[in-house]
Amino acid sequence: MKYKIALIRGDGIGPEVVNEAVGVIDVVAEKFGHQIEYVDVLLGGCATDAVGKSYPDGTAEMCKACDAVLLGAVGGPKWGPDKPAEQRPETALLAIRKDLGLYANLRPATLRPALADSSPLRRETAEKGIDLMMVRELTGGVYFGKRDRYQTEDRGTECTDLMAYSEKEIERVGRRAFELARLRRKKVSSVDKANVLETSRLWRSVMHRLAEEYPDVAYEDVLVDNCAMQIVRDPGQFDVLVTENMFGDILSDEASMVTGSIGLLPSASIGDSAPGLYEPIHGSAPDIAGQDKANPTATILSAAMMFRYSFQRPEEADAIELAVDAVLAEGWRTADIAKPGEKTVGTREMGRLIREKLAAR
Ligand code: IPM
Ligand code: MG
């Protein structure tokens with residue numbers, strides 16, 4: 001098959017980790033007989049530096065001409081919250097998600113077998129394993145609602161951020177969660193704050209309607225504050241979690257932390273049509289940029305998700321994931337996950353080891 005992939009290398013460690021993932025994709029293409037064309041797309045702080053805005057005109061169109069988008073990371077102190085919106089990398093990230101219609105963000109939090117000791121959880125909890133899939137609504141809610149800032153006579157400055165959700169927005173992401181659960185352990189936990197928020201009460205009623213359509217999938221409601229506790233108490237209880245944008249932003253960071261290896265976690269953002277966008281969930285780590293220290297594994301596993309979800313190529317995805325597991329099982333670590341005395345390698349060597357395993361299988 002022929003695939004066209006947009007590469008958003010981005011800022012900080014983004015370019016380094018994308019390089020390693022591209023190397024892995026090339027090996028997969030060779031092995032499975034695919035042809036890959038890459039298109040470089042400028043977005044993030046690097047775009048601000050080059051053309052004055054983080055989301056240059058035509059970015060979405062360039063991506064739409066591709067089958068999938070692979071993104072490294074964007075952001076950095078140079079383009080902080082004090083800068084105008086059009087220069088901030090975060091603005092670009094939100095805009096590309098919206099413009100590509102990527103309403104479902106899949107963030108698996110997996111404790112890989114070789115890394116059970118890396119989890120900050122107690123051994124008896126970690127040993128039960130963690131294999132949850134957070135499905136975060138990505139293009140609605142408070143991150144996209146109307147914002148306002150105004151002066152009052154007696155209370156100083158006042159601001160508002162509006163959280164709005166429609167039935168349609170809730171239903172489409174909910175459906176994704178139920179479909180995914182069917183391919184996994186058949187359980188959906190829907191996270192909301194229905195004891196307080198009207199948007200959550202609508203969320204819950206839509207999810208209940210969907211639960212009836214999927215009688216083979218076990219369903220539960222979990223309040224967001226309780227969910228935050230359960231993720232550190234017993235994450236093994238969860239299979240698919242589905243939640244609105246801001247709750248998902250926060251809980252997915254928490255879930256990644258309990259696996260002890262944020263450098264290993266990929267993500268996929270998908271909509272109803274191509275292209276999907278694939279990115280590691282870690283940030284741009286400007287402090288170690290350009291030093292061959294970053295862990296490329298999360299980006300490499302994001303490429304695996306790309307084969308699985310955008311190209312419908314589970315064999316290629318499995319091959320990448322197995323190669324990663326094999327390298328970890330042999331004890332190879334990047335600095336972020338290495339314990340004293342473990343075999344520590346840099347970004348490029350980690351990428352090479354994974355490619356070697358992949359080619360050998
Ligand atoms: C994430 C990030 C972004 C988000 C920021 C950078 C806008 O935190 O991908 O989780 O909140 O979506
Ligand atoms: Mg986040």
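We count ligands from 1, going down the list as the structure has it; atoms in each ligand are counted the same way.
- Looking from atom 5 (C) of ligand 1 to the surrounding protein, the closest heavy atom is Glu90 CG, 4.3 Å.
- Atom numbering of ligand 1 starts at 1 in the shown order; those under 4.0 Å from a heavy atom of Tyr143 are 11 (O).
- The OG atom of Ser267 sits 9.0 Å away from atom CZ of Arg136, with the distance rounded to the nearest 0.5 Å.
- Hydrophobic clustering (side-chain heavy atoms under 4.5 Å, transitive across Ile, Leu, Val, Met, Phe, Trp, Tyr) groups Met1 together with Tyr38.
- A donor-acceptor pair under 3.5 Å links the side-chain atoms of Glu244 to the main chain of Met246, judged by distance alone.
- When hydrogens are left out, the protein atom nearest atom 11 (O) of ligand 1 is Asp249 OD2, 3.1 Å; that is the closest non-hydrogen contact.
- Using a 4.0 angstrom heavy-atom cutoff, Arg107 counts as in contact with ligand 1.
- Only the side chain of Arg136 comes within 4.0 Å of ligand 1, counting heavy atoms alone; its backbone N, CA, C and O stay farther away.
- No other N/O/S atom of Asp249 lies as close to the Mg ion (ligand 2) as OD1 does.
- Evaluated for a side-chain hydrogen bond (donor to acceptor under 3.5 Å, both in side chains) with Asp161, the options Lys146, Arg147, Arg149 yield exactly one hit, Arg147.
- Residue Arg97 places a heavy atom less than 4.0 Å from ligand 1.
- Assignment of Glu279 to the shell around ligand 1 is not supported, since no heavy atom sits closer than 4.0 Å.
- One N or O on the side chain of Glu169 and one on the backbone of Ser166 form a donor-acceptor pair closer than 3.5 Å.
- Under a 4.0 Å N-O distance rule, the pair Arg355/Glu20 qualifies as a salt bridge.
- A distance below 6.0 Å separates the ring centres of His208 and Tyr219.
- For Asp253, every N, O or S atom stays at 2.8 Å or more from the Mg ion (ligand 2).
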